[in-house]
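Everything on this sheet refers to the single structure shown next.
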Amino acid sequence: MALNDDIMAKFYITTPIYYVNDKPHIGHAYTTIAADVLARYHRLIGDEVLFLTGTDEHGSKIAESAKKAEMTPQEFCDQTSAKFSLAWDELDISNDDFIRTTEQRHITGVKNILNKLKESGAIYEGEYKGLYCVGCERFLTEKELIDGKCPIHKTEPQQISEKNYFFNLKKFLPRLEKMIDQNEIKILPDNRRKEVLGLFKQGMDDFSVSRESVKWGIPLPFDENQVAYVWVDALSNYLTALDYSEGSEKLKKFWPADLHLMAKDILKFHALYWPAMLMALGEELPKTIFAHGFFMIDGEKMSKSLGNFIDPHDLVAEFGSDAVRYLLLSQFPFGVDGDVKLGNFAIQYNSDLANGIGNLTSRVLAMVEKYFNGVVPAEDGGLSGEVGDIWSDYQKAMAEFRVDLAIEAIRKLISIADGYVDVNKPWELAKSDQEKLAKVIYNLLEVLRHLALMLYPVMPECSQKILSALGKSDFTSLTIEELKKWGGLVAGSSVAKSEQLFPRLVKAE
RNA sequence: CGCGGGGUAGAGCAGUUGGCAGCUCGGCGGGCCCAUAACCCGCAGGUCACAGGUUCGAGUCCUGUCCCCGCAACCA
């Protein structure tokens, strides 16, 4: 976040690119929604945002899957990649770009990167030794073997070695360790940072950047018989989306990335391999790498064998996009692992969204209608202090990428407003004190405006509905300082009733 | 002794630098009638996994023990 709110900053945020060997599931959605919330928040505070997501489409697994589906690899990728795009549309994801590793701009960029790495001397030739199964046409690990044989073909794999190119990771480790240790490159949450620092102590080997046996990939520019190893290919997307080359305007404008967001499983690649590659390239390192946790579904790990992957599409169909975004992010603190009980979704939907946001909006707008014919009746500052405090909490949370705490702040604001109604009893004031009634209603309306603004990153649709009921739907031209200032609503302007934001779900118990 | 995370109210989780155990949901009791059978207040419910230790004081720091879960096989 910009320390100085009146200077417009850029904010480059990424999700991992998702591997198209799989359909989008709730885990992909979690990462992407979180990124979207942060991207939208940064737009709200006036940053120029580049929010990137996309799909990772190379590798022998893809080629195999395509074969099974009787398609060319490209057709297969087109089809699955489209499923991700569609899923993100359904969830109102506001990504500015969607990169696919089979796109020409990516292929060109990766070749630029590989050439540059080669020229810098970071890449050297070596031998990759392993157990190769002819039937599978790939290397197997020791642990895949059953009785020393390939579990699929029941044959003993051959011990062979192929020529490979390696990246000289070790050379960059001392400098990288120092930078991470001194938080020049921030790794969050803090326990993940410690985990990464622990890896340095265990020691790490150079990694291979190419494969000879894989055909579906990007050929090395200096050796056409090899294709780029999946991580070199995939990680590069953060640069190739900026048209990585000497004179790229996008690169100048947006690099380095402000935030690489991902789940904890691929932290190692982002915290070690990627920065080391960037050092070799002579590029700046990402400012922050944030690895969030995994979740379990009803106490069980998400896995293919258990078949408990959830399709975000089904959730959206049941609760709506806004609610899914809210519910997923409010299950547990952002960053740690947590358990998601699906049965709680409907309960929480009713308590937080229907009874909370929906009902508050409804009761306030109904009172304006009833007591003042839908006209903002006065101006007052009765709740400005409380709202200011909530803004502080909210912005602090967002600056620390703690989306869950931002939601917490929103909940608190709703609770304040509900309590304010109860204490002031507008229905009694209507009979005794019109002047005070006008002020009370004004304060509630103004709270609604602030609520809607804070809601915008998390639930854009609901936010828009509230703002347009208040006649404030166009806020993009205003700075955050202007927006969050108390008194945005002017006496005499008219307010519409809103449709039910979150219809109550009938408990299916 | 592979590395790491964790065991706090019926459920899901917070507890920052040690200073009176909190939040949400659920349960029970009251209040209110503007609102989506919504809202507000109060109550009950915890030996903070266990055993030691440091301290005026430990959920928090130290030592040990037990249990759960990740990482080496798909996977955010």
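Scope of the values below: all heavy atoms of this structure, side chains included, with no hydrogens, waters or symmetry mates. This structure is a prediction, so every number in the text was calculated from the model and none was measured. So that the names make sense, note that chain A is the first sequence line, chain B the second, and so on, each numbered from 1.
A search for ring pair (Phe, Tyr, Trp, His ring centres under 6.0 Å) contacts involving A:Phe76 returns nothing, not counting sequence neighbours.
You'll find that the side chain of A:Asn355 is closest to B:A38, out of B:A76, B:A38, B:U36. Nearest to the side-chain atoms of A:Trp427 among the listed nucleotides B:C33, B:U36, B:G70 stands B:C33. Among the nucleotides B:C34, B:A76, B:U36, the one closest to the side chain of A:His25 is B:A76. The side chain of A:Asp422 lies closest to B:C40, out of B:C40, B:A38, B:A35. Taking only side-chain atoms of A:Ala366, from C-beta outward, the nucleotide of B:A35, B:C23, B:C39 with the closest atom is B:A35. Comparing B:U36, B:A76, B:C34 against the side chain of A:Arg504 picks out B:U36 as the nearest. Nearest nucleotide to the A:Tyr19 side chain, out of B:C75, B:C23, B:C34: B:C75.
Between A:Arg411 and B:U24, a side-chain N or O to OP1/OP2 separation shorter than 4.0 Å is absent.
The distance between atom CG of A:Asp265 and atom P of B:G5, rounded to the nearest whole Å, is 17 Å. Look at CG on A:Asp311: it is 15 Å from C1' on B:C75, rounded to the nearest Å. If you take CG of A:Asn344 and P of B:A11, they are 12 Å apart, rounded to a whole angstrom. A straight line from OH of A:Tyr371 to P of B:A35 spans 7 Å, rounded to a whole angstrom. Across the protein-nucleic acid pair, A:Ile347 atom CD1 and B:C25 atom P stand 11 Å apart, rounded to whole Å. In this structure, the CD atom of A:Glu369 is 15 Å from the P atom of B:C34, given to the nearest Å. Between A:Tyr18 atom OH and B:C75 atom C1' the separation is 13 Å, expressed in whole Å. Per the geometry, CZ belonging to A:Phe334 stands 10 Å off C1' belonging to B:A76, to the nearest Å.
When the nearest nucleotides of RNA chain B are assigned to A:Gln331 and A:Phe294 by heavy-atom distance, the more 5′-ward of the two goes with A:Gln331. If you find the closest nucleotide of RNA chain B to A:Glu428 and to A:Ser351, the one lying nearer the 5' end belongs to A:Ser351.
Here the separation of B:C75 from B:U55, taken at their C1' atoms, is 47 Å to the nearest Å. For the C1' atom pair drawn from B:C20 and B:U36, the interatomic distance equals 40 Å after rounding to whole Å. Using P as the reference atom, B:G15 and B:A49 are 15 Å apart when rounded to the nearest Å. Separating the P atom of B:G29 from that of B:A38 is a span of 16 Å, rounded to the nearest Å. Annotation: B:A73 and B:C61 have their C1' atoms spaced 40 Å apart (nearest Å). Here the separation of B:G52 from B:U60, taken at their P atoms, is 14 Å to the nearest Å. Nucleotides B:G10 and B:C3, compared at atom P, are 35 Å apart to the nearest Å. Annotation: B:C25 and B:C62 have their P atoms spaced 35 Å apart (nearest Å).
Counting heavy-atom neighbours within 6.0 Å of A:Glu435 CD, excluding the residue itself, gives a total of 12 or less.
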Criterion salt bridge (Lys or Arg N to Asp or Glu O under 4.0 Å) on A:Glu64 and A:Lys68, from CA distance to verdict: CA-CA 6 Å; A:Glu64 283 166 30; A:Lys68 269 185 209 156; 5.6 Å; no
Derivation and outcome, ring pair (Phe, Tyr, Trp, His ring centres under 6.0 Å), residues A:Tyr273 and A:Trp231: CA-CA 8 Å; A:Tyr273 290 16; A:Trp231 277 107; 7.7 Å; no
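Aromatic rings of A:Phe334 and A:Phe290 (six-membered ring for Trp) have centroids within the 6.0 Å cut-off, being under it.
Contacts of A:Leu501 with the nucleic acid, taken as non-hydrogen atoms under 4.0 Å apart, include base atoms. Backbone-only engagement by A:Lys370 is indicated by non-hydrogen atom pairs under 4.0 Å involving sugar-phosphate atoms exclusively. Within 4.0 Å of A:Asp418, counting heavy atoms only, lie sugar-phosphate atoms of the nucleic acid but no base atom. Residue-level contact check: A:Phe502 touches the bases, meaning some heavy atom is under 4.0 Å from a base atom.
A:Tyr229 and A:Phe207 have tilted rings, their planes meeting at an angle from 30° to 60° on a 0 to 90° scale.
With 3.5 Å as the limit, one finds no donor-acceptor pair spanning the side chains of A:Asn344 and A:Gln348.
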Secondary structure string for RNA chain B (Watson-Crick or G-U under 3.5 angstrom, | for other-strand pairs): .((((((..((((.....[..)))).(((((.......))))).....(((((..]....))))))))))).....
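The nearest pair of heavy atoms linking A:Pro460 to A:Arg325 is CD-NE, 3.6 Å.
For the pair A:Thr15 and A:Phe51, the minimum side-chain heavy-atom distance is below 4.5 Å.
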